[in-house]
Amino acid sequence: MVAASTGHSVTLVDTSDDILKKAVKGIEGSLKRVVKKKFADKPEAGEEFVQKVLQNVSTSTDAGSAAQGADLVLEAIVENLKIKQDLFSGLDKLAPAHTIFASNTSSLPISDIASSTNRLDRFGGLHFFNPVPMMKLVEVIGTSATSQETFDSLLNFSKMLGKTPVSCKDTPGFIVNRLLVPYIVEAIRLHERGHGSKEDIDIAMKLGAGYPMGPFELSDYVGLDTMKFIMDGWNEKDPDNPLFAPSEMVNKLVAEGKYGKKTGEGFYKYK
């Protein structure tokens with residue numbers, strides 16, 4: 001939606017037409033919410049804007065075909081290294097030589113994903129934050145093999161989207177999650193030790209540090225299954241780092257299917 005809104009031709013690829021129809025409907029709904037504010041006094045101009053943006057969006061269930069006409073392929077599929085590698089390995093054989101590949105992964109090493117291709121110099125990371133239309137930040141990640149030309153292209157593309165890019169090395173969690181996830185887990189450990197209730201820790205960080213959400217609220221928003229996946233991956237790569245040690249409380253909640261807001265219960269209960 002953001003790329004289409006800034007004049008880019010976008011092909012949205014997914015596994016079925018039904019999923020794509022729902023996605024386009026979701027994009028249209030998001031656009032209408034945007035124009036309600038942006039074009040409050042000019043509803044006709046707002047409708048024209050919505051239609052103009054939607055004209056920039058096409059859909060396909062054939063990733064290979066879509067890649068053949070793309071300058072940039074941005075992947076945002078499931079956080080599974082093998083699945084990502086398989087996708088990019090196939091696309092690498094079909095996409096033009098100049099096409100840049102990028103992943104929106106939040107926790108997997110970009111270099112590991114890129115290793116499945118023969119375009120290491122044209123591979124980087126573009127990590128957006130949810131909700132993407134609202135959040136201004138994009139982490140632009142370069143590996144040791146990413147060319148300066150590719151990196152500059154990713155930076156410029158981010159700016160063209162109206163975002164503020166920051167440059168990152170290909171390190172676990174990049175910048176934001178590398179700092180944020182250990183902070184959240186340390187808050188959980190504080191609670192596990194009986195040194196503060198969930199409610200008091202959340203209030204303390206919101207009022208004392210100015211955070212919009214406390215660490216337990218944020219965990220439930222992100223998803224405890226996602227939190228566990230990230231920490232387990234980092235722990236496996238660096239088992240001696242105490243910051244990456246697993247949390248018994250998180251493991252227990254995930255085992256019980258309590259992932260947070262998306263399941264109706266995590267650290268807190270949701271109606």
Is the backbone N or O of [Y] less than 3.5 Å from a side-chain atom of [X], with the two atoms forming a donor-acceptor pair by type?
X	Y	result
D14	L20	no
N104	F128	yes
T6	L161	no
R122	H98	no
K32	V50	no

Provide the closest heavy-atom pair for [X] versus [Y] in the form atom of the first, atom of the second, distance.
X	Y	result
T150	D121	OG1-O, 2.8 Å
G7	N56	CA-ND2, 3.9 Å
L108	F174	O-CZ, 4.0 Å
C168	E139	SG-CB, 3.7 Å
K84	S103	NZ-OG, 4.2 Å
A102	F88	O-CZ, 3.6 Å

Heavy-atom side-chain contact between [X] and [Y] under 4.5 Å:
X	Y	value
V138	L126	yes
V34	M1	yes
I100	F123	no
P215	D202	yes
H127	N177	yes
T99	V73	yes
E79	S107	yes
S167	V140	no

Derivation and outcome, side chain to side chain donor-acceptor pair (under 3.5 Å), residues S58 and T11: CA-CA 5 Å; S58 58; T11 301; 3.2 Å; yes
Side chain to side chain contact (heavy atoms under 4.5 Å, CB included) between Y270 and E265: does it pass, once the steps are laid out? CA-CA 6 Å; Y270 304 88; E265 184 175 354; 5.6 Å; no
Counting only heavy atoms from other residues, nucleotides and ligands, does the tally under 6.0 Å from CD of E248 exceed 12?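 Count not over threshold, so no.
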Within a 6.0 Å radius of atom CD on E149, are there more than 12 heavy atoms belonging to other residues, nucleotides or ligands?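 Incorrect, the count does not exceed 12.
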Tell me, please, whether F101 has R119 positioned over its six-membered ring: NZ or CZ under 6.0 Å from the ring centre and within 45 degrees of its axis?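 Yes, R119 lies over the aromatic ring of F101.
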Look at [X] together with [Y] and state whether they make a salt bridge at an N to O cut-off of under 4.0 Å.
X	Y	value
D112	K237	yes
K206	E217	yes
R189	E192	no
K82	D86	yes
K262	D220	no
K252	E256	yes
K21	E28	no

Got a second to check how far [X]'s [atom1] is from [Y]'s [atom2], nearest 0.5 Å?
X	Y	atom1	atom2	result
S89	I113	OG	CD1	13.5 Å
I230	L180	CD1	CG	9.0 Å
M205	D200	CE	CG	13.5 Å
K136	K163	NZ	NZ	6.0 Å
L243	N235	CG	CG	11.0 Å
S153	M160	OG	CE	10.0 Å

Have a look at F216 and tell me which of Y268, F267, Y211 forms a ring pair (Phe, Tyr, Trp, His ring centres under 6.0 Å) with it.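 Testing F216 for a ring pair (Phe, Tyr, Trp, His ring centres under 6.0 Å) against Y268, F267, Y211 leaves exactly one candidate, F267.
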Answer yes if [X] and [Y] sit in the same cluster of Ile, Leu, Val, Met, Phe, Trp and Tyr residues linked by side chain heavy atoms under 4.5 Å apart, and no otherwise.
X	Y	value
V132	M135	no
V57	F157	no
I19	I83	no
M227	V176	yes
L154	I141	no

For a quick check under 3.5 Å, do Q55 and Q51 share a side-chain donor-acceptor pair by atom type?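 The criterion, which ignores hydrogens and geometry beyond distance, is not satisfied for Q51 and Q55.
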Could you tell me if T143 and D170 have a donor-acceptor pair between their side chains, going purely by distance under 3.5 Å?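 No, because no side-chain N or O of D170 sits under 3.5 Å from a partner of the opposite role on T143.
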Take N251 and K228, measure what side chain to side chain contact (heavy atoms under 4.5 Å, CB included) needs, and give me the verdict at the end. CA-CA 7 Å; N251 287 347; K228 174 176 165 53; 3.1 Å; yes
Going through the checks in order, is the side chain to side chain contact (heavy atoms under 4.5 Å, CB included) test met by F151 and L155? CA-CA 6 Å; F151 194 79; L155 283 173; 3.6 Å; yes
Using side chain to side chain contact (heavy atoms under 4.5 Å, CB included), reason through K52 and F49 one step at a time and then give a plain yes or no. CA-CA 5 Å; K52 188 176 181 180; F49 174 77; 5.6 Å; no
